[in-house]
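Note sheet for the following structure.
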Amino acid sequence: MSTPDKPADSHIDYNDAIDYWTQTPATVDGVLGGYGEETIVPTMDVLGSNHFLRKLKSRMVLETPDARKVAADVGAGIGRVTKTMLYKHCDVIDLVEPVKPFCEQMEVELKDLKAEGKIGKIFPIGMQDWVPEKGKYWLIWCQWCVGHLPDEELVKFFKRCVEGLQPNGTIIVKENNTPTETDDFDPTDSSVTRCDTKFRQLFEQSGLKLIATDRQKGLPEELYPVRMYALKPQAP
Ligand SMILES: C[S@@+](CC[C@H](N)C(=O)[O-])C[C@H]1O[C@@H](n2cnc3c(N)ncnc32)[C@H](O)[C@@H]1O
């Protein structure tokens with residue numbers, strides 16, 4: 001839904017989104033909108049993310065040799081991205097997720113990684129309220145969640161993320177795209193799906209430089225196209 005007088009993101013209501021996700025089963029199938037482990041989606045997603053990160057490796061070298069690869073998994077759901085992918089690339093992972101039952105399930109899903117010392121802090125809050133600690137993160141991963149913020153709030157969020165990066169840190173955004181030049185509002189979970197052009201404008205406004213982007217391959221045709229964006233702060 002997008003009307004000429006009302007932009008798609010003006011319909012977003014944080015409380016409606018929290019209500020929707022709180023009523024959704026705390027499972028992979030739930031957080032992926034019915035495309036759980038019996039479908040090809042979770043496997044293709046992890047393959048695509050691993051491939052993208054591997055290609056970026058030489059551009060993500062730690063600048064301080066004794067620094068740790070600290071990541072943040074934003075809009076983490078039940079911790080699926082951390083559990084199946086981020087743990088392979090990072091030393092320790094913080095998670096940001098505002099829905100209580102998902103945070104509770106996260107404890108179950110991430111028990112083994114926690115025992116290994118790979119899980120840092122869990123922030124039970126929305127990304128609009130999250131202030132990353134300055135200079136902490138090697139990687140901030142935002143997947144299938146930034147549609148819950150209106151454009152203006154998303155720019156503010158990205159600007160805070162820039163402050164939260166280590167030297168040579170990276171932000172990765174993995175999101176659905178509309179196949180058109182317009183954004184769509186979905187009243188079911190009170191989120192917007194943005195077009196690729198809009199994403200690029202918002203990155204620019206946030207002081208971010210797009211260093212690489214790839215389309216996720218192998219997803220069912222009926223789904224929106226999914227794109228990964230790797231971002232670094234623009235030179236001052
Ligand atoms: C489609 S799920 C994706 C979960 C996870 N990123 C994954 O890929 O498995 C969307 C997630 O965004 C979370 N979410 C909703 N509003 C949010 C907000 N304001 N800030 C951060 N996360 C939010 C939901 O609770 C849900 O966990």
Side-chain angles (χ1 to χ4, degrees), residues 9 11-37 39-50 52-53 71-87 90 93-110 113 121-132 139-158 160-161 164 171-177 184-194 216 219 223-224 226-229:
D9 69 327
H11 301 280
I12 291 173
D13 181 314
Y14 292 145
N15 292 327
D16 287 354
I18 299 299
D19 286 349
Y20 169 80
W21 288 112
T22 302
Q23 285 160 29
T24 300
T27 59
V28 171
D29 195 62
V31 294
L32 294 186
Y35 285 88
E37 275 144 352
T39 75
I40 202 167
V41 172
T43 307
M44 293 314 293
D45 170 47
V46 170
L47 287 175
S49 299
N50 280 331
F52 190 59
L53 270 178
D73 179 355
V74 178
I78 60 170
R80 181 189 69 87
V81 174
T82 291
K83 182 179 176 178
T84 57
M85 192 276 295
L86 283 176
Y87 79 97
C90 311
I93 303 145
D94 289 347
L95 297 96
V96 181
E97 170 55 53
V99 169
K100 203 163 171 237
F102 289 176
C103 289
E104 287 163 2
Q105 184 61 24
M106 213 181 257
E107 298 286 348
V108 179
E109 301 287 335
L110 304 178
L113 285 175
K121 291 186 181 159
I122 294 176
F123 296 94
I125 55 175
M127 53 202 292
Q128 68 277 12
D129 296 320
W130 185 58
V131 183
L139 172 64
I140 299 180
W141 188 278
C142 311
Q143 180 161 354
W144 283 324
C145 61
V146 304
H148 284 296
L149 295 198
D151 293 0
E152 210 180 304
E153 278 301 319
L154 184 55
V155 169
K156 288 188 200 160
F157 166 77
F158 284 143
R160 290 195 301 276
C161 288
I171 300 171
I172 295 189
V173 174
K174 182 166 188 177
E175 289 290 336
N176 293 347
N177 280 168
D184 288 344
F185 176 71
D186 183 347
T188 310
D189 65 351
S190 200
S191 73
V192 285
T193 302
R194 295 182 167 92
Q216 170 68 50
L219 296 183
L223 295 182
Y224 277 127
V226 174
R227 186 164 278 283
M228 292 166 277
Y229 301 95

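Read the numbers this way: they start at 1 and go in the same order the structure lists the ligands and their atoms.
- E97 contributes no side-chain N or O that, together with a main-chain N or O of P124, makes up a donor-acceptor pair within less than 3.5 Å.
- Judged purely by atom type and a 3.5 angstrom limit, T193 has no side-chain atom pairing as donor or acceptor with the backbone of N176.
- Residue contacts with ligand 1: G75 is placed with a nitrogen or oxygen under 3.5 Å of a nitrogen or oxygen of the ligand (distance criterion only).
- Other residues, nucleotides and ligands place more than 12 heavy atoms under 6.0 Å from the CD atom of E104.
- The protein heavy-atom contact nearest to atom 17 (C) of ligand 1 is P98 CG, 3.7 Å.
- Of all the heavy atoms of V31, the ones lying under 4.0 Å from any atom of ligand 1 are found in both the backbone and the side chain.
- The proximity of M127 to ligand 1, defined as any non-hydrogen pair under 4.0 Å, involves the side chain as well as the backbone.
- By the criterion of a heavy-atom distance under 4.0 Å, the backbone of A76, and not its side chain, is placed next to ligand 1.
- Looking at heavy atoms from C-beta onward, V28 lies in side-chain contact with I78 at the 4.5 angstrom threshold.
- Here E107 pairs with K114 under the salt bridge (Lys or Arg N to Asp or Glu O under 4.0 Å) rule; sequence neighbours left out.
- Ligand 1 has no nitrogen or oxygen under 3.5 angstrom from a nitrogen or oxygen of Y14.
- A tilted orientation is assigned to the rings of H11 and F185, their planes being inclined by 30° to 60°.
- Contact atoms of ligand 1 toward V99: 25 (O) (distance under 4.0 Å to a heavy atom of the residue).
- Here the heavy atom of the protein found nearest to atom 27 (O) of ligand 1 is E97 OE1, 2.7 Å.
- What you find for H148 and Y14 is that their closest heavy atoms are O-CE2, 3.3 Å.
- The closest side-chain donor-acceptor pair between T27 and D29, if any, does not fall under 3.5 angstrom.
- In this structure, P150 and I12 approach most closely via the heavy-atom pair N-CD1, 3.6 Å.
- Residue, atom and distance of the protein heavy atom nearest to atom 9 (O) of ligand 1 are R80 NE, 2.7 Å.
- Using modelled atom types, no side-chain atom of R80 and backbone atom of E109 make a donor-acceptor pair closer than 3.5 Å.
- Of all atoms in ligand 1, listed by their number and element, those nearer than 4.0 Å to a heavy atom of F102 are 25 (O), 26 (C), 27 (O).
- Near V81, with a cut-off below 4.0 Å to any heavy atom, the atoms of ligand 1 are 7 (C), 8 (O).
- In terms of protein heavy-atom proximity, atom 16 (N) of ligand 1 is nearest to H148 CG, 3.4 Å.
- Among the atoms of Q128, some N or O lies under 3.5 angstrom from an N or O of ligand 1.
- For atom 12 (O) of ligand 1, the closest heavy atom belonging to the protein is C145 CB, 3.7 Å.
- The existence of a salt bridge linking D9 and R194 is excluded, since no basic side-chain nitrogen approaches an acidic carboxylate oxygen closer than 4.0 Å.
- Proximity of D73 to ligand 1, defined as any heavy-atom pair under 4.0 Å, is not found for any part of the residue.
- Shown in contact with Q143 at under 4.0 Å from a heavy atom are these atoms of ligand 1, numbered in order with element: 6 (N), 8 (O).
- Among protein heavy atoms, atom 3 (C) of ligand 1 sits closest to W144 O, 3.6 Å.
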